[in-house]
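Worksheet: one structure, shown below.
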Number of protein chains: 4
Amino acid sequence: MKHTESLEAPDAPALKPGRGRRRAEDVRRAVLAATAGLLFAEGIRNVTFEKVAARAGVSKMTLYKWWTSPGSLAFEAYFAALEDALTFPDTGDLRADLTTQLHAFIALLERSGSVIAEIIGAAQSDSDLAFDLSEQYVRPRRRLAVDRLSIAQRSGQIREDVDLETLVDQLWGACYHRLLMPAEPLDAAFTDRLIANLFNGIDPRPTDEGSHI
Amino acid sequence: MKHTESLEAPDAPALKPGRGRRRAEDVRRAVLAATAGLLFAEGIRNVTFEKVAARAGVSKMTLYKWWTSPGSLAFEAYFAALEDALTFPDTGDLRADLTTQLHAFIALLERSGSVIAEIIGAAQSDSDLAFDLSEQYVRPRRRLAVDRLSIAQRSGQIREDVDLETLVDQLWGACYHRLLMPAEPLDAAFTDRLIANLFNGIDPRPTDEGSHI
Amino acid sequence: MKHTESLEAPDAPALKPGRGRRRAEDVRRAVLAATAGLLFAEGIRNVTFEKVAARAGVSKMTLYKWWTSPGSLAFEAYFAALEDALTFPDTGDLRADLTTQLHAFIALLERSGSVIAEIIGAAQSDSDLAFDLSEQYVRPRRRLAVDRLSIAQRSGQIREDVDLETLVDQLWGACYHRLLMPAEPLDAAFTDRLIANLFNGIDPRPTDEGSHI
Amino acid sequence: MKHTESLEAPDAPALKPGRGRRRAEDVRRAVLAATAGLLFAEGIRNVTFEKVAARAGVSKMTLYKWWTSPGSLAFEAYFAALEDALTFPDTGDLRADLTTQLHAFIALLERSGSVIAEIIGAAQSDSDLAFDLSEQYVRPRRRLAVDRLSIAQRSGQIREDVDLETLVDQLWGACYHRLLMPAEPLDAAFTDRLIANLFNGIDPRPTDEGSHI
DNA sequence: CCCTAAGCGAGACGGTACGTCGCGTCTTTAC
DNA sequence: GTAAAGACGCGACGTACCGTCTCGCTTAGGG
């Protein structure tokens, strides 16, 4: 999608109230539907402006006008289709909430992990997609997680000197690692071990207050 | 590369001693050199059989004969060019050795991180490349790490109940996360925090022996 | 142009006395100017409603309203720009007058022959343009010529049994032949030979009164 | 067609006996057949690389490789389809032979005049086609005619001072004029009048030996 | 020492996708 | 009210790459 439009408010016009004809919303929906169909059935390699145009009964020009690359289109279609609102629970017990959230995350990846993986993969050589992915997926989600962790830190459930951003990489990042570079199983038990390692530490003779830093 | 050939022994002929002309080793070298040139200069999207053939003065047929996809070719060329033997130090002090190794890893990523990222990205929708990547990159490196961690665990530097594979995802996996889904800086200080979090734990009131598991 | 408007009176409004009348004439001039610019600079292939609209600051709808095809528009713009009134002299001496007229014609073709050629060429597969061309160019000019020849025939300067329309094709038509299917030079000397051939005949032993017919 | 290949000898390879695969002759035939089909059924405007490729089951790249423009392709297909060898009779009687030839020419134009007209029209803004048309149609045919006229001139059937090239424009050129800029009928009687005007002259009081020149 | 078979260059070819341009229609808003 | 601005389907343009397929040159064995 063009960067002027946000994923969170896809109905927000963000168009100058100039004279010409307005963007047809049904066209947008048809495109996203066709794209999602291709994406889930045949993979992101087959999400091609040519095929989407043919399936949606839409002109290629229209696609080029509103989306910068097939990857960007696939990305937007993915979220329009799933609307995977990963809410973050807050029961007061951080460890329990993390467990809940990571289990839900694993469940999501089981359903559509390969599609997410393909989108992240495509972003590695599609800077437009990389931008969208960062702004509308990576950063918002990190923010949600850091916010929850921040509350826990303030209430004394996480040590003061722990960098919360780093923690995100050691929980969700570890999951993405197993998704993108598969070798070991990616399941709920794995996330439990991630949490345990961090809460308990791995050192049998814990030092006082991280003297190594 | 075709799976019948191993990366480790690229000079092994493995050809039936039939009559005809032998495989020209200089052809292979020219191809890998041309590929590496394209890969580092223009990204994996421009590593194309057509361009490689033109640059290396080689027929497309030859490429199809020896490599299954442009991605596989790029992958092989990357390692032929870098030969990035990430040795694992063993001074007896695990935490020091991990720090050393991760700092070296970060330094490597600073040089060629974008190329690695592109290769991993391409593997998400190229199963041939995914296979090669798994067999010749992901698994061997995990094995090296787990071996070193195993020694440490046996010598009492890691608690008995810690799963070492999980640890790999929380150290190197966290780095790959920042590489592939960039949002926060990926530097040596980050790896120090990764280590600290795991060695010290994040809980200000550590429980006894991971009662949550 | 739409057939309701005449070439001969391009300044005649012929517009309904509605409100926007004066403005419409501005638009027409801007369009014709932009079209002529494109036509002479880039050839008739680049006279496109899209480009004319952009250059003239005019909506495409306006163009479609007043002209049936880019070819028709180019045709009208050509004459609006040149106003090449080919007057026919009548000094009483037919042969001298024909020489004068054909020399002037050649001079005109030297200036804008390629544009005329392109317009005639386009008319071969644009029936709207073909209609306009016939009604507003071919037939009027033939009529002018035949009228002058008719006077000469009545005054005994052309044999009674000569078909004047045929003569037009052997004078001006021969010139168009060299314009449209170039092989030999198209110059004043050529037109002199055209005239001489017809006035003198080519037969060294002229028959009596065209017995072959 | 590319200028390296001649129309007269379409089977002449004219290809360097280099190493690669040879040009498939059946592909060429399929293309020309499909093109001719389109050309005669729908006009030259519908001879499009896209449609020809689809009809002939041929890749667009192949068309671009061997033909410079749709117009050039149409031109070659026209002659491959018609092979309209306009032979020039020589019975010794020039006037009779010209009549025979021009009647045959008119008959040809009745069949495929509109296609020829479209090709000549397209050549006005397609310099590649213009080149082919000149080299393989206009000039060879002028040469045939001039050759026949030359024989007649040497045998005393045409006055010494008559320029034969000019004569061509006044006979066949006049016919093309009526074809391309239609206003009066183009039939056998017209060609008879063309001949009569030139043989008899139009002047009721013929001057001695073209004194005007 | 030649003969034979494989390796390999060159490159034609059918596809599919790319990104752009023009046509003709339709809609919305501003002057 | 008219016409600008412009979205849109359609179809053609010309290019790039993919994967397959001949050719014919080159080069090593084996006879």
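Below, chains carry the letters A, B, ... as their sequence lines are ordered, and counting in each starts from 1.
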Answer yes or no: is there a donor N or O on one side and an acceptor on the other, between the side chain of D/Glu76 and the main chain of D/Ser72, under 3.5 Å?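 No, because the side chain of D/Glu76 does not come within donor-acceptor range (under 3.5 Å) of the backbone of D/Ser72.
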Could you tell me whether a side-chain N or O of D/Ser59 sits under 3.5 Å from a main-chain N or O of D/Met61, the two making a donor and an acceptor?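 It does hold such a pair.
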In whole angstrom, what separates [X]'s [atom1] from [N]'s [atom2]?
{"X": "A/Asn46", "N": "F/dC18", "atom1": "CG", "atom2": "C1'", "answer": "14 Å"}
{"X": "C/Arg45", "N": "E/dC23", "atom1": "CZ", "atom2": "P", "answer": "11 Å"}
{"X": "D/Glu25", "N": "E/dA12", "atom1": "CD", "atom2": "C1'", "answer": "13 Å"}
{"X": "A/Tyr64", "N": "E/dC21", "atom1": "OH", "atom2": "P", "answer": "12 Å"}
{"X": "B/Asp128", "N": "F/dC18", "atom1": "CG", "atom2": "C1'", "answer": "14 Å"}
{"X": "C/Lys65", "N": "F/dA4", "atom1": "NZ", "atom2": "P", "answer": "10 Å"}
{"X": "D/Leu63", "N": "F/dT15", "atom1": "CG", "atom2": "C1'", "answer": "14 Å"}
{"X": "A/Arg23", "N": "E/dC26", "atom1": "CZ", "atom2": "C1'", "answer": "18 Å"}

Has [X] got a side-chain N or O lying under 4.0 Å from the OP1 or OP2 atom of [N]?
{"X": "D/Lys51", "N": "F/dG11", "value": "no"}
{"X": "A/Arg22", "N": "E/dT29", "value": "yes"}
{"X": "B/Lys60", "N": "E/dA10", "value": "no"}
{"X": "A/Trp66", "N": "F/dC8", "value": "yes"}

Residue mapping more 5' on DNA chain F - nearest nucleotide basis, C/Val58 or D/Phe49: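 Nearest nucleotide further toward 5': that of C/Val58.
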With DNA chain F as reference, determine whether D/Glu50 or B/Glu50 sits nearer its 5' end, using the nearest nucleotide of each.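 Counting from the 5' end, the first nearest nucleotide belongs to D/Glu50.
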Test for a donor-acceptor pair under 3.5 Å between the base of E/dG22 and the side chain of C/Thr48, counting only N and O atoms.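 No such pair is found, so the answer is no.
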Kindly determine whether A/Asp126 and A/Ser69 satisfy side chain to side chain donor-acceptor pair (under 3.5 Å), including the steps that lead there. CA-CA 8 Å; A/Asp126 177 343; A/Ser69 70; 2.7 Å; yes
C/Gly37 versus C/Arg55, closest heavy-atom pair with distance: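 That would be C-NH1, 4.2 Å.
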Which nucleotide sits closest to the side chain of [X]: [options]?
{"X": "B/Val27", "options": "E/dC18, E/dG22, E/dG9", "result": "E/dG9"}
{"X": "A/Met61", "options": "E/dC21, F/dA5, E/dC18", "result": "E/dC21"}
{"X": "B/Ser59", "options": "F/dG9, E/dG9, F/dA7", "result": "E/dG9"}

So, do C/Leu73 and C/Leu32 sit near enough that their side-chain heavy atoms are less than 4.5 Å apart?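 The answer is yes; the side chains approach within 4.5 Å.
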Just checking B/Thr62: base, sugar-phosphate only, or nothing, at a heavy-atom cut-off of under 4.0 Å?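 The answer is sugar-phosphate, as B/Thr62 gets under 4.0 Å only of primed atoms, P, OP1 or OP2.
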